[in-house]
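The structure appears right after this line, and notes come after that.
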Number of protein chains: 2
Amino acid sequence: MAKDLNTEQKIKEAARKVFLKKGFAAARTRDIAEEAGINLALLNYYFRSKEKLFRQIMEESLHTFFSSVLPTMSDPNVSLRDKVPFFVNSYTDVLISNPELPVFILSELRNDPDHIVQTLQMNKRLNLSVLFGQIMEAQQKGEMIPLQPWNFLLNLLSLTVFPFIARPLIQRLSDTNDEQFKQLVEERKAMIKAMVMGYVFTEKGKG
Amino acid sequence: MAKDLNTEQKIKEAARKVFLKKGFAAARTRDIAEEAGINLALLNYYFRSKEKLFRQIMEESLHTFFSSVLPTMSDPNVSLRDKVPFFVNSYTDVLISNPELPVFILSELRNDPDHIVQTLQMNKRLNLSVLFGQIMEAQQKGEMIPLQPWNFLLNLLSLTVFPFIARPLIQRLSDTNDEQFKQLVEERKAMIKAMVMGYVFTEKGKG
DNA sequence: GTCTATAAGCTGATAGAC
DNA sequence: GTCTATCAGCTTATAGAC
């Protein structure tokens with residue numbers, strides 16, 4: 001810390017670090033103040049309360065987590081077959097850079113789902129109707145096997161995100177370091193694309 | 001509450017409910033006592049401290065989460081091709097009955113990974129060497145494509161567990177009820193088996 | 001804007017009566 | 001074993017000096 005950031009930025013950066021590591025309930029404002037190298041009173045001066053500070057961090061985290069891929073996924077001019085590799089490559093890279101994001105978001109989702117869902121929906125980028133429309137269209141043309149559109153999206157999300165959620169378990173049980181974990185998820189990129197596309201697209205859809 | 005359980009059992013059942021819903025840090029011993037219909041002092045009388053009570057709940061949760069499938073997965077007499085459908089069917093059913101378990105375990109994994117890993121390793125059922133040995137053997141025989149054994153296991157876990165982690169998000173965004181969510185994951189059973197096996201097994205391996 | 005000092009309330013845990 | 005009453009410590013937030 002103590003870079004050439006103004007006080008507000010220092011507090012926010014410290015808050016992000018502490019909240020992402022511990023979650024809202026276990027994080028203490030004292031930890032954040034200390035991490036930022038400022039006094040506890042300043043935190044309330046700038047952000048009014050712990051909860052208001054937390055919400056700002058959460059909203060920015062959601063933005064990082066979703067806005068890197070959602071615009072393209074919602075673009076009707078990008079074909080379904082092009083969306084799959086784009087999603088897997090982009091998302092894996094975002095998660096390599098922000099490995100704590102999934103657990104942070106998904107565990108706070110349990111405590112205050114409404115805040116997260118509302119933030120997502122205000123962020124207009126979330127428009128699943130285009131993607132789901134493409135899926136149903138491909139199914140009508142016989143290019144894709146019948147399955148619920150949500151299950152298509154869930155397959156992509158599951159295979160890409162889950163390893164980052166289980167990361168502490170994986171690394172300890174397999175006794176591997178961060179570099180080896182990165183290799184593991186890099187290997188997954190090609191695998192996920194092949195698995196998802198190989199399963200859902202019919203011969204006609206592949207041609 | 002207030003069934004014909006003894007006091008210790010009542011406290012444990014209440015603790016499980018509160019801890020799984022809120023996590024360790026956000027749960028208050030007062031909540032647990034109230035939920036159990038007993039006085040706060042009794043909680044300490046039976047379990048000494050909040051943390052000791054929590055650890056018991058976590059250890060039992062890990063047992064539920066893992067011991068339903070691990071013995072079979074570690075059984076050398078069950079073939080790899082039989083393990084896949086067994087895993088997907090059993091695990092999905094366990095999760096339908098205990099939908100809060102994955103978020104609980106995976107979010108506490110962030111706070112105290114050592115406790116969880118140690119508990120798992122003491123629980124002798126966790127023996128991945130058999131499964132990984134079968135994978136490498138199948139690869140040598142040309143029945144399975146080359147991939148890191150962990151990625152095979154991760155595919156199964158991801159596709160099966162992740163929907164339960166993202167459940168609050170899925171149900172709100174798709175505006176569906178619990179029954180419809182159950183239908184979604186039931187549809188996934190056959191899909192996951194087909195996807196995982198279709199991808200990893202070669203023609204030789206399928207025959 | 002930034003600090004020190006402190007208020008106000010909550011939380012885990014215990015003492016002691018029954 | 002179970003209760004009421006209470007303590008000691010911590011946590012968020014604010015008052016007020018500089």
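Excluded from the calculations below are hydrogen atoms, water molecules and symmetry mates; all remaining heavy atoms, backbone and side chain alike, are included. Every chain is numbered from 1 and lettered A, B, ... according to where its sequence line falls, protein lines coming before strand lines.
One can place CD of A/Glu34 at 16 Å from C1' of C/dC3, the figure rounded to the nearest angstrom. Atom CZ of A/Arg28 and atom P of C/dT11 are 16 Å apart (whole Å). Rounded to whole angstrom, the span from the CZ atom of B/Arg30 across to the P atom of C/dT14 amounts to 14 Å. When rounded to the nearest whole Å, the span between CZ of B/Phe54 and P of C/dT11 equals 18 Å.
Remark: B/Glu34 CD is loosely packed, at most 12 non-hydrogen atoms of other residues, nucleotides or ligands lying under 6.0 Å away. Atom CG of A/Asn177 has more than 12 neighbouring heavy atoms from other residues, nucleotides or ligands inside a 6.0 Å radius. Counting non-hydrogen atoms of neighbouring residues, nucleotides and ligands closer than 6.0 angstrom, the NZ atom of A/Lys193 exceeds 12 such neighbours.
B/Ala27 comes within 4.0 angstrom of sugar-phosphate atoms only, judged by non-hydrogen atoms across all strands, and of no base. When heavy atoms are screened at a 4.0 angstrom cut-off, A/Ala25 is found touching no nucleic acid atom at all.
For the salt bridge (charged side-chain N to carboxylate O under 4.0 Å, His left out) test with A/Glu186, the passing option among A/Arg188, A/Lys189, A/Lys182 is A/Lys189; the others fail.
Near DNA chain D, meaning a heavy atom under 4.0 Å away, the residues from residues 40-51 of chain B are B/Ala41, B/Leu42, B/Tyr45, B/Tyr46.
Closest contact between the side chain of B/Asn39 and the listed nucleotides D/dT4, C/dG12, D/dT2 involves D/dT4.
The two residues B/Tyr91 and B/Phe65 have their closest heavy-atom pair at OH-O, 2.7 Å.
Taking 4.0 angstrom as the limit, B/Thr29 places none of its side-chain polar atoms (N or O) nearer than this to OP1 or OP2 of C/dA13.
Every pair passing salt bridge (Lys or Arg N to Asp or Glu O under 4.0 Å) that includes a residue from residues 57-71 of chain A is listed here, sequence neighbours excluded: A/Lys12-A/Glu60, A/Arg16-A/Glu60.
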